[in-house]
Each structure stands twice: as C-alpha cells, then as structure tokens.
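A quick write-up on the structure given underneath.
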Protein chains: 2
Amino acid sequence: MQIATWNVNSVRTRLGIVTDWLQRQPVDVLCLQETKVTDEQFPRSAFTDLGYEVYISGQKSYNGVALISRQPLTNVSVGFAGILGAEPVGDLDEQKRVISGQLGDVSIINLYVPNGSEVGSEKYHYKLRWLELLRQYLTAQSDKSLCVCGDFNIALEAIDIHTKKKDDHIMYSPIERAALKSAVLDLGLKDVFRHFVTEPGHYSWWDYRQGGYSRNRGWRIDHLYLSPELIDRATGCTIDKAPRELEQPSDHTPVIVEIEQPVLT
Amino acid sequence: MQIATWNVNSVRTRLGIVTDWLQRQPVDVLCLQETKVTDEQFPRSAFTDLGYEVYISGQKSYNGVALISRQPLTNVSVGFAGILGAEPVGDLDEQKRVISGQLGDVSIINLYVPNGSEVGSEKYHYKLRWLELLRQYLTAQSDKSLCVCGDFNIALEAIDIHTKKKDDHIMYSPIERAALKSAVLDLGLKDVFRHFVTEPGHYSWWDYRQGGYSRNRGWRIDHLYLSPELIDRATGCTIDKAPRELEQPSDHTPVIVEIEQPVLT
DNA sequence: GCGGCGAACG
DNA sequence: CGTTCGCCGC
C-alpha cells in the first residue's frame with residue numbers, strides 16, 4: 001500500500017498536475033493540504049473519474065485538507081472535535097486542517113499545521129496551541145496501525161534545511177520543534193523518511209522566491225509518521241521532486257511511503 | 001498596404017495571441033487599444049523581434065494605445081494636445097487614448113474612445129466631451145490621406161448590433177452616435193467596412209459574459225474610417241474572427257483594411 | 001467574464 | 001513568488 005502527502009497550494013490551480021501525477025503514481029491514498037476551496041467547489045469529478053473516492057474538509061481561500069483514496073475509507077473524521085469534543089478545541093477547528101480515515105487496518109491522519117508567520121507573533125502562538133491540541137488528539141488515538149502525515153511547517157533537525165538557520169526562524173525555532181516532537185515522536189510515532197534516509201539534502205518544500213528550487217534551498221517539512229506496528233511494515237519512503245519542476249508547480253512536492261500488507265496469521 | 005485595428009484587452013496577457021496573429025497576418029500597421037501597460041513595461045521586443053517598429057502611449061491598468069509598424073513612422077504624435085495645444089484639451093489627455101503617425105502619404109490616427117459606462121453618468125459625459133474634442137482634432141487635420149481607426153465604443157447603426165437595443169443603452173444612445181457621426185462622418189471620412197459590406201451580422205466585439213461569442217451576441221464598435229482620397233484606394237475590409245476563438249482571447253477581434261499603393265503620376 | 005490592482009498569507 | 005480575495009472597469 002502506498003500513501004502520499006502533498007501540499008498542492010490550491011487544488012484547483014494544480015488540478016492537472018495532481019491528476020497527471022496520480023495517474024503515473026496511483027497511490028492508494030493521497031493526502032492533500034492547502035486545497036484552498038470550499039467543499040461545494042472542490043473538483044471532485046477530476047478524482048472520481050480516475051476511480052478515486054474523495055473526502056474533504058475545506059474553506060474559502062485558505063487551508064483545506066483532503067483524502068483521495070482508491071478504496072472507500074471508513075471512520076472518516078474532520079477536525080479535532082470529532083475525537084476530543086468541543087470543549088478543549090475552542091477556535092482550533094475554525095481553520096480546516098485535519099481529516100482522518102481508515103483503510104483496512106491502517107488509520108490515516110492528514111494534517112496541515114499552521115505556518116506561524118513569525119516567531120513570537122499571534123499566529124506563532126496559535127501554531128503552538130494547535131500542536132498541543134494535536135498532542136492530545138494523537139494521544140487519544142487507540143489504533144495500532146497509525147499513519148500521521150501532512151505539511152508540518154516545521155523542520156525537525158538541522159539536516160532538514162538547506163543551510164544553517166537561526167533559532168528564531170519560523171519553522172525551525174526550538175519551541176515549535178519541541179512541540180512537534182512532543183505531539184508526535186514522544187508518542188512513539190516514527191518519521192519514516194528518516195527511517196530509510198539519514199543523509200542531509202532531501203527536501204519537500206522550496207520557497208517560490210529567489211529561485212529557491214533551482215538553487216536547492218529546500219526544507220523537509222512534509223512528513224509521514226508511522227506507529228511502531230506500521231514502521232516495521234514500511235519498505236521505503238521517497239520524495240518525488242518531478243512535480244516541482246513542472247510549469248506552475250506547487251512549492252511543495254509529494255512524499256510517498258510504501259507499506260506492506262500485514263502478514264496473515 | 002494593410003492596416004489593422006485591435007483592442008487587445010491587455011497586451012501583456014495577449015502577447016502570444018497578438019504576435020502569432022501578426023506573423024500569420026503581417027499587416028503593415030497594427031493599431032492596438034487597451035494595452036493596459038506603462039511605456040516602460042510595454043513588451044517592445046516581442047514586436048521588434050518580428051521586425052516591427054513600436055510607438056506607444058500607455059498607462060498603468062487602463063487604456064493605452066500603440067502603433068506597431070513594419071516601416072518606421074513619421075510625425076508620431078500622442079494625445080490631442082500635440083495638435084490642438086493644451087488649452088482646449090483640459091483633462092481629456094489624462095487617459096492615454098490617442099496616438100498617430102504617418103506611413104508614406106497615409107496618416108493613421110489610432111483611438112480608444114471612452115466606454116461611457118452608463119448613459120447619463122459622469123463617464124458618459126466625459127465620453128461626449130472627448131468626442132467633441134476628437135471632432136476638433138480631426139477638423140484640424142490637413143492630410144489628404146487619412147485613416148482614423150480604433151475602438152469607438154459606439155455602434156453606428158442598428159445593423160451593427162446583434163439585437164435591437166434601447167436608446168438608452170451605452171454604446172448605442174442617439175447622443176453618442178450623433179457625436180461620433182459629427183466627429184468623423186461629417187468631416188467626409190467613411191466607415192470602410194460598410195463601404196464593402198452592407199449586410200447585418202458582422203461584429204468586432206462580443207461581451208465575455210453569458211457566452212456572448214458562442215451565441216454571436218456581438219457589436220461592431222471597432223472601425224476604420226478613410227478620407228475620400230483613401231477610400232477610393234481601399235480594396236477590402238475584413239473582420240478576422242479567428243483570434244476571438246482561441247483560449248484566453250480578447251473580447252475584441254481585429255479589423256483589417258487593404259489599401260492600394262497610390263498610382264504614380 | 002475577464003482584465004487590471006493591492007492586500008493578505010505563506 | 002504565487003495563491004486568494006475584493007474592487008474597479010468594461
């Protein structure tokens with residue numbers, strides 16, 4: 001089974017790029033972020049015409065997540081409140097950043113973590129509050145086979161950025177990195193790309209500005225985390241840079257994990 | 001000699017369409033309107049690379065006219081004030097709507113007449129004041145061989161619109177039609193398209209809205225007027241609808257007149 | 001319905 | 001740098 005995560009930066013603008021890619025890389029589940037479209041306006045048929053099921057949680061202009069799945073998913077849920085209830089969630093479900101569903105024994109949680117703008121800003125504190133709620137949300141998950149993926153807007157380690165960054169740089173500040181580790185790694189989930197690849201120089205996002213891609217000024221901020229039971233079934237994790245080289249690309253490129261079917265006992 | 005007029009609705013957005021057309025239809029002079037670009041930002045080289053000379057009068061966002069000529073033009077002039085002086089012109093040269101030049105014995109005046117918005121509006125009165133100044137401007141012209149062309153934003157007769165329009169419709173109100181006739185026809189200039197084609201159903205502009213083109217809901221508002229000396233040398237006038245059928249077209253399509261070289265005596 | 005622009009966001 | 005929006009103009 002293949003699961004991919006891709007921040008497409010507007011699913012409508014990127015529709016041709018995404019459907020072309022999906023035909024060449026017919027992954028089982030494609031997790032999209034930054035769809036930037038309401039549920040009513042989501043281009044469903046472009047995916048259903050390819051034989052995919054479409055599960056979405058979107059809004060106008062900003063954010064928005066989707067699960068595009070070859071097989072129907074079960075237990076599809078949107079936002080944090082479905083698991084946690086309304087009280088702890090407060091304003092953190094107003095932006096559409098969370099969708100989850102289950103394929104066979106595998107639970108997939110697709111996330112678009114807030115960017116945070118600048119360290120110390122109001123948006124930064126929203127990001128930290130959001131990550132703390134994510135920690136509670138993931139703690140409440142009981143599934144053994146869990147894949148938590150998406151655009152985390154955080155580089156875990158220095159090797160995940162093209163060049164040394166100051167500690168006060170958004171997406172690399174110690175506090176947000178600690179918050180992400182606390183929310184995900186401390187629960188036993190493993191960054192599957194680093195399970196297979198230890199060298200630096202592998203990125204999933206390059207700023208549109210100043211020729212970020214052509215100068216390979218990238219960041220690895222799109223991750224797939226697997227629970228211990230699932231990491232042992234993973235056979236590889238790759239970043240497909242090809243879509244970043246097309247005309248009018250997203251600034252992110254897809255990351256794909258391959259997971260073996262469970263051994264029948 | 002061929003002269004064409006074309007409101008391109010942004011020369012930058014339409015650059016490929018216009019240069020492709022110019023290579024297939026290598027007219028001697030192409031008169032553009034609604035270039036929507038400052039002189040500094042005009043895409044000169046796209047035309048000079050094809051061997052054309054470029055004469056422009058543009059502004060940011062709105063209006064803007066250009067003469068694209070295979071041979072260098074003489075006596076190039078911009079606005080009304082070059083001929084009339086500053087006093088009568090007032091605010092009517094603030095918008096870039098007039099450019100003229102001479103090719104051999106033929107003087108070409110390229111115009112973008114104000115749209116007028118709604119009958120009775122402030123913009124409508126600006127349009128009427130502008131047309132009165134145009135009348136003075138053309139009256140002051142002494143050239144025997146004169147071609148006055150452009151987007152006039154006025155249909156001369158009922159047959160120039162796809163369907164009967166109320167008298168209070170902008171681009172067809174009696175007052176603006178009379179103002180145009182007074183400014184142009186009453187000076188002896190002839191609408192060369194009507195010199196050759198008398199049937200209705202020939203248009204140069206179709207609203208983008210409500211499938212105006214596919215339903216052929218057009219207007220003939222782009223004209224070429226020739227002085228008596230020149231009308232006798234005209235051999236044809238055609239509307240080329242092909243560019244209106246391309247992807248991302250202008251709402252206007254080019255009108256071309258063919259003029260014989262003068263008989264050498 | 002499509003141009004342009006400026007502002008917000010990333 | 002590229003997306004979205006709202007606004008203006010036609």
Side-chain angles (χ1 to χ4, degrees), chain A residues 7-15 17 33-38 41 58-64 95 97 112-118 121-124 126-127 151-154 169-171 205-215 217 219 221-222 244 246-252, chain B residues 7-15 17 33-38 41 58-64 95-97 112-119 121-124 126-127 151-154 169-171 205-215 217 219 221-222 244 246-252:
Chain A
N7 178 322
V8 289
N9 189 13
S10 171
V11 71
R12 284 180 293 183
T13 299
R14 226 66 64 201
L15 193 55
I17 286 181
Q33 303 90 37
E34 280 208 89
T35 54
K36 293 188 174 179
V37 67
T38 60
Q41 308 221 72
Q59 64 184 93
K60 205 207 281 209
S61 303
Y62 303 114
N63 313 307
Q95 302 175 7
R97 298 176 175 277
Y112 175 48
V113 177
N115 170 279
S117 189
E118 284 182 35
S121 68
E122 195 169 326
K123 289 187 166 66
Y124 181 73
Y126 185 91
K127 183 179 193 172
D151 174 2
F152 289 82
N153 268 317
I154 295 170
H169 196 295
I170 194 66
M171 302 195 293
W205 173 77
W206 299 260
D207 200 313
Y208 284 125
R209 287 164 280 196
Q210 291 139 221
Y213 184 73
S214 59
R215 304 208 265 181
R217 298 189 170 185
W219 294 58
I221 58 178
D222 301 276
R244 182 64 240 239
L246 302 174
E247 295 289 298
Q248 285 211 332
S250 169
D251 43 353
H252 297 251
Chain B
N7 178 321
V8 289
N9 189 12
S10 171
V11 70
R12 285 181 291 184
T13 299
R14 225 67 63 203
L15 193 56
I17 286 181
Q33 303 91 37
E34 280 208 89
T35 55
K36 292 188 173 179
V37 67
T38 60
Q41 307 221 73
Q59 64 183 92
K60 204 207 280 207
S61 304
Y62 304 113
N63 312 309
Q95 303 175 7
K96 304 306 183 191
R97 297 176 175 277
Y112 175 47
V113 177
N115 170 279
S117 189
E118 284 182 34
V119 171
S121 68
E122 196 169 326
K123 289 187 167 66
Y124 181 73
Y126 185 91
K127 181 178 194 173
D151 174 3
F152 289 82
N153 268 316
I154 294 171
H169 196 295
I170 194 66
M171 302 195 294
W205 173 79
W206 298 260
D207 199 313
Y208 285 126
R209 287 164 280 193
Q210 292 142 221
Y213 184 74
S214 59
R215 305 208 265 180
R217 298 190 170 187
W219 293 60
I221 59 177
D222 300 277
R244 181 63 240 239
L246 301 173
E247 294 290 297
Q248 287 210 330
S250 168
D251 42 354
H252 297 250

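Every chain is numbered from 1, with letters handed out A, B, ... down the list of sequences.
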Euclidean distance, atom [atom1] of residue [X] to atom [atom2] of [N] [Å, nearest integer]:
X	N	atom1	atom2	answer
B:His252	C:dC2	NE2	P	14 Å
A:Gln210	C:dG10	CD	C1'	14 Å
B:Asp207	C:dG1	CG	P	9 Å
B:Asn115	C:dG4	CG	C1'	15 Å
A:Asn7	D:dG2	CG	P	15 Å
B:Asp251	D:dC10	CG	P	12 Å
B:Asn63	D:dC10	CG	P	7 Å
A:Met171	C:dC9	CE	P	17 Å

Show each protein N/O and nucleotides 4-6 of chain D N/O combination with a separation under 3.5 Å, one pair to a line.
| unit_1 | atom_1 | unit_2 | atom_2 | d |
| --- | --- | --- | --- | --- |
| D:dT4 | OP1 | A:Ser10 | OG | 2.9 |
| D:dT4 | OP1 | A:Thr13 | OG1 | 3.0 |
| D:dT4 | O3' | A:Ser61 | OG | 3.3 |

Review point. Which of parallel (below 30°), tilted (30 to 60°) and perpendicular (above 60°) describes A:Trp219 and A:Trp205?
Key: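 Rings of A:Trp219 and A:Trp205: perpendicular, over 60°.
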Practice item. Please check if the side chain of B:Asn7 supplies one atom and the backbone of B:Glu34 the other of a donor-acceptor pair under 3.5 Å. Key: no
**Study point:** Flag, side chain of B:Arg217 to backbone of B:Asp207, donor-acceptor distance under 3.5 Å
**Key:** no
Exercise for review: Return the nearest nucleotide to the side chain of B:Tyr208; candidates are C:dG10, C:dC2, D:dC10.
Suggested key: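 Closest nucleotide among those given: C:dC2.
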**Study point:** Sub-4.5 Å side-chain heavy-atom contact between B:Gln41 and B:Arg12
**Key:** yes
Check your understanding: Quick one: does A:Pro114's side chain get under 4.5 Å of A:Lys123's, heavy atoms only?
Key ->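 They are not in side-chain contact.
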Exercise for review: Classify the side-chain pair B:Tyr62/B:Gln95 by whether it contains a donor and acceptor separated by less than 3.5 Å.
Suggested key: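 B:Tyr62 vs B:Gln95: no donor-acceptor pair found between side chains.
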Review point. Should A:Arg14 be listed as having a side-chain N or O under 4.0 Å from OP1 or OP2 of D:dT3?
Key: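 Affirmative; the distance criterion is met.
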